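For reference, the structure is listed below as structure tokens.
Labels below follow one simple rule: chain letters A, B, ... track the order of the sequence lines, proteins then strands, and each chain is numbered from 1. For clarity, every value in this text was computed on a predicted model and none was experimentally measured. When reading the values below, keep in mind they use all heavy atoms of this one structure, side chains included, and skip hydrogens, waters and symmetry mates.
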Amino acid sequence: MVPSVRTLLRLLRSPSTTTNQVKQIHAHLLLFHHPSLFQSSLNLFNSLIFAYASSRQPHLSFLLFATQTSLLPPNHLTFQFLLKASSKSKSLLQSSQIHCISTKLGFGSHVFVQNGLLHCYVTCGRLKDARRMFDVMPERDVASFNCMIHGYAESGDMDSASCVFRLAPSPNVVTWTAMVSGYARKGDVHIARRVFEEMPHRDVVSWNAMMSAYVQNRHPVAALGLFRRMQLENLGPSLTTIVGLLLACTGARALDQGKWVHAYLNKKRILLNSYLGSALIDMYCKCGAVELGFQVFTGLVEKNLGVWNAMINGLAINGYSERALELFDEMRMSTTVLPDEVTFVGVLLACSHAGFVEEGRRHFHCTVKECGVRLVLEHYSCMVDLLARCGFLKEAEDIVRYMPIQPDDVVWRALLGGGLVHKDVELAERVVLEIDAHCSGDYVLLSNLYASVGRWNEVERVRRFMKDKRIEKTPGCSSVEIESDSRVHLKR
DNA sequence: ATAGGGTTAG
């Protein structure tokens, strides 16, 4: 049966249509309809561009536009959708080309088209250009203000964001939510909360923004509390809400509540997407239930990079080093994903936990390059930790001395750790002097090392030095979930 | 049929 044009339009505009389905519809149109069908229906043409723009291969909408444009005069919607595609592909060149064509054809001053370009500038991080354009726009609607506010908020410039917010003639729920997540991103969770309480109307997205504000700023229990309040308001949770809930469970190490969320997803027959999948895997692994995490992993239909990373890291942090490295090999066989920086943090962590020096060196020096991944601080700290703890102190110190990026405290401390384990007092002294001396832990460690080799005079000297600088040893702190009581208790 | 919220490391 040949589907009607009406059916096709509905499919093209549905957000749940996959990239492949869009391609099938496109092919279907070319095969079974008159080639000049698009001429009779700009609507269909635009919808196809929109569908490609919303898909995972937004560049295909440019291709379609380039091949069909001589047959069909585009309208402002065409450009609106093309700009959506170019902001998704983060190509400033593409965006300005589209803007040029739209201006030539007389659609350049259309508000939606201008907002599209504004959005492109913002997603490319060109805030100055965005502002220049915003200031001279002949007509601005609330979306123009929201775009600008979001841009400032994302870059952490909440002063400018609130300036634009005050200029906005009729801020809506989107405007307010952008302010909430802006303050959250900056770490001002209390201001975020105040703005959230002040806003005249809240929808699911606003609640999600506030929940994620708490999660980001390490207040998982507050996030769980907010979810309870959300349920009282009878606002149906979205998938993003569930992801936020899982992140809160992870942060609170609340395994039972996490299991409850998993059961809820099953009961509602919600198919796990990559966000839900990796959040679930991470939750189980961080709570120590690696087996359950692995069950989720194998059950996932679509495994994207985040899913693989969550599983590899989850195995690594729980000490299943061989299994993590096996999974990494499996990942490299797959044609759908390529490893990134995060993957290698997990790989090197696995090597370092198991003391696999040879394999660690190979990945650090070769595999990373083969995969086109750049080394970041976390890789150095794993590698230095591995080498130093296995007694290759010289090799570890050389890596720190000659690394192309500035080593941070974590890297130095990994080296110090090796010095402590192997009782290399000279190395430890050198390192402690290099580390920014405001962190007391290092002096305590050094004095413990002096004590363990019987150099009591030095122990006394370090202790006095710490006292003079008023450095205090901070007590450790851990948290547990007490059964059937979902509150989390701190324990000293 | 514009604009705001979500996964993996630290």
From [options], nucleotide with atom closest to [X] side chain:
X: A:Lys286; options: B:dT8, B:dA9, B:dT7; result: B:dA9
X: A:Glu378; options: B:dA3, B:dA9, B:dT7; result: B:dA9
X: A:Thr240; options: B:dA9, B:dT8, B:dG6; result: B:dG6
X: A:Asn172; options: B:dA3, B:dG6, B:dT8; result: B:dA3
X: A:Asn146; options: B:dT7, B:dA3, B:dG4; result: B:dA3
X: A:Asn43; options: B:dT7, B:dA1, B:dG4; result: B:dA1
X: A:Val174; options: B:dA3, B:dT8, B:dA1; result: B:dA3
X: A:Val342; options: B:dT7, B:dA1, B:dA9; result: B:dA9
X: A:Asp141; options: B:dA1, B:dT2, B:dT7; result: B:dT2
X: A:Asn313; options: B:dA9, B:dA1, B:dG6; result: B:dA9

#### Entry: Atom of A:Leu82, atom of A:Ser61 and distance for their closest heavy-atom approach
CD2-O, 3.7 Å
### Query
What are the two closest heavy atoms between A:Ser144 and A:Met137, and how far apart are they?
OG-CE, 3.7 Å
### Query
Without hydrogens or angle criteria, can the side chains of A:Tyr121 and A:Arg131 be said to hold a donor-acceptor pair below 3.5 Å?
no
### Query
Side-chain donor-acceptor pair under 3.5 Å between A:Thr250 and A:Asp282, yes or no?
no
### Message
Using only modelled atom types and a 3.5 angstrom limit, is any donor from either the side chain of A:Asn46 or the base of B:dA1 paired with an acceptor on the other?
### Response
no
### Message
Can you tell me whether the side chain of A:Asn273 and the base of B:dT7 have a donor-acceptor pair closer than 3.5 Å?
### Response
no
What is the nucleic acid contact for [X], judged by heavy atoms within less than 4.0 Å: base, sugar-phosphate only, or nothing?
X: A:Glu154; answer: nothing
X: A:Thr175; answer: nothing
X: A:Leu349; answer: nothing
X: A:Ser274; answer: base
X: A:Val142; answer: base
X: A:Asn115; answer: base
X: A:Lys303; answer: nothing
X: A:Gln80; answer: sugar-phosphate
X: A:Phe112; answer: base
X: A:Asp203; answer: base
X: A:Phe145; answer: nothing
X: A:Ser144; answer: nothing
X: A:Val111; answer: nothing

So does [X] get a side-chain nitrogen or oxygen closer than 4.0 Å to the phosphate oxygens (OP1/OP2) of [N]?
X: A:Gln216; N: B:dG6; value: yes
X: A:Ser181; N: B:dG4; value: no
X: A:His150; N: B:dG4; value: yes

Between [X] ([atom1]) and [N] ([atom2]), how many Å, whole number?
X: A:Phe344; N: B:dA9; atom1: CZ; atom2: P; result: 16 Å
X: A:Asp340; N: B:dT7; atom1: CG; atom2: C1'; result: 12 Å
X: A:Leu338; N: B:dT8; atom1: CG; atom2: C1'; result: 16 Å
X: A:Phe134; N: B:dT2; atom1: CZ; atom2: P; result: 19 Å
X: A:Met199; N: B:dG4; atom1: CE; atom2: P; result: 14 Å
X: A:Asn304; N: B:dT8; atom1: CG; atom2: C1'; result: 9 Å
X: A:Tyr275; N: B:dG6; atom1: OH; atom2: P; result: 9 Å
X: A:Leu265; N: B:dT7; atom1: CG; atom2: P; result: 15 Å

### Query
Does the A:Thr298 side chain pair with the main chain of A:Phe294, one donor and one acceptor, at a distance under 3.5 Å?
yes
### Task
Check for a donor-acceptor pair, side chain of A:Lys84 on one end and backbone N or O of A:Gly116 on the other, with a separation under 3.5 Å.
no
### Message
How about CD on A:Glu326, more than 12 heavy atoms from neighbouring residues, nucleotides or ligands closer than 6.0 Å, or not?
### Response
yes
### Query
Would one find more than 12 heavy atoms of other residues, nucleotides or ligands at under 6.0 Å from atom CG of A:Leu338?
no
